[in-house]
2 protein chains.
Amino acid sequence: MQDLIRQAEALCQRSGMAFTAPRRRVLEILAASETPMKAYDLISKAGEGGQATKPPTVYRALDFLCQLGLVHRIEQDATFVACNHAGHSQPVALFVCNTCLKATEVAYDEVSQILEKAAAAKGFHLKRLVVEGRGQCQDCAIAA
Amino acid sequence: MQDLIRQAEALCQRSGMAFTAPRRRVLEILAASETPMKAYDLISKAGEGGQATKPPTVYRALDFLCQLGLVHRIEQDATFVACNHAGHSQPVALFVCNTCLKATEVAYDEVSQILEKAAAAKGFHLKRLVVEGRGQCQDCAIAA
DNA sequence: CCTAGTATGTTATTACATAACACTCTATAA
DNA sequence: TTATAGAGTGTTATGTAATAACATACTAGG
């Protein structure tokens, strides 16, 4: 997790972007969380201790972090999760466990090629792809 | 489009579910729309002419129609679109054009198998899958 | 030093979705 | 016939997600 922060710093430096306090704070909170978080939980968490934090501050940080690929937004339920593969922004699928709510990240290449072809067959040129799943993770399967 | 309504009626009859007025109304509006619609546009559209329609009425109808596979929810932007392949609820990917906003539906099988395997490799058992894309459709590519 | 660009702080509002409860309708079994 | 269970709708209110708009601060280049 400290790792992730360092990666973020390095990434920002390379691309000439500022890794400012609110951005760091949001990433730290997400990195420390076991499960994806809702924006408003992030907002209240970010406000603990220090000064109150308002929605736009957090949403702006999230936009920034998502663009860098350091954070992913899970569209299904509007939650946010820190990314493992910081930096190399290959497409990833996010699988969320219905029981423990943890997210598993899976890189795919094959899939995106197939989908691009399938889209192309209908004349559609794909720019962005969202692949998400729900189900049961290994730990919860064992526990059950 | 009349077709879709008839399919819906048949589908409901077979499964012993009621194809009630609000459900029909919501499906009609969606089927008549060129592009996916936001819930609140649906709500105000549904309220035109007849009596005012409130959010829960429409959301309930949408839940119902989504469960039957007659309507899809596009998670990226929280819109809803009527489905072509009523009845046989195979997994579909939805590709939305950034220009004209129309949605293209593409069935996939291959992809879901690959993703299931990829998930299984991490011990994850997949139950539901969301595949969505953004890009440019054929018509808009030609126009540009 | 000033000014353009980038980022944050703050207020207010818009958009998306559901909880909770009362009511209606219909089928079925006493 | 009437009771009652189930499914569905109507309505009020509220909860939750996200952004518009504008003021302010920081920093680097002319």
* Asked: Are A:T20 and C:dT8 close enough that a side-chain N or O sits under 4.0 Å from OP1 or OP2?
  ->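 A:T20 to C:dT8 OP1/OP2: side-chain N or O found under 4.0 Å.
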Spacing of [X] atom [atom1] relative to [N] atom [atom2], expressed in whole Å:
X	N	atom1	atom2	answer
A:F64	C:dA7	CZ	P	7 Å
A:D63	C:dA7	CG	C1'	13 Å
A:Y59	C:dT10	OH	P	18 Å
A:L65	C:dA7	CG	P	12 Å

* Asked: Should we count NZ of B:K117 as having more than 12 external heavy atoms under 6.0 Å?
  -> no
* Rounded distance [0.5 Å steps], CG in A:L68 versus SG in A:C12 -> 5.5 Å
* To do: With B:R23 as the cation and B:F64 as the aromatic partner, state whether NZ or CZ is under 6.0 Å from the six-membered ring centre and within 45° of the axis.
  => yes
When you check the gap from the basic side-chain N to the acidic O, do [X] and [Y] get nearer than 4.0 Å?
X	Y	value
B:E75	B:R128	yes
A:R134	A:D77	yes
B:E9	B:R24	yes

* Give me the first and last nucleotide of DNA chain D, going 5' to 3', that has any atom under 4.0 Å from a heavy atom of chain B. =>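 On DNA chain D, the outermost contacted nucleotides are D:dG8 to D:dT12.
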* Residues in contact with DNA chain D, drawn from residues 25-56 of chain A - heavy-atom cutoff 4.0 Å ->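 A:K38, A:A39, A:Y40, A:P55, A:P56 - these, ordered by number, are the residues of the stretch whose heavy atoms sit under 4.0 Å from the strand.
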* Scan A:R23 against the nucleic acid and name what it touches under 4.0 Å (heavy atoms): base, sugar-phosphate only, or nothing. =>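 Touches sugar-phosphate only.
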* **Criterion side-chain contact (heavy atoms from CB on, under 4.5 Å) against B:M37, the qualifying member of B:I43, B:T79, B:V26, B:I29** =>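 When side-chain contact (heavy atoms from CB on, under 4.5 Å) is applied between B:M37 and each of B:I43, B:T79, B:V26, B:I29, only B:I29 qualifies.
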* Asked: Which pairs count as salt bridge (charged side-chain N to carboxylate O under 4.0 Å, His left out) when at least one residue sits in residues 32-57 of chain B, sequence neighbours excluded?
  ->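 Output for this query lists B:E34-B:K102.
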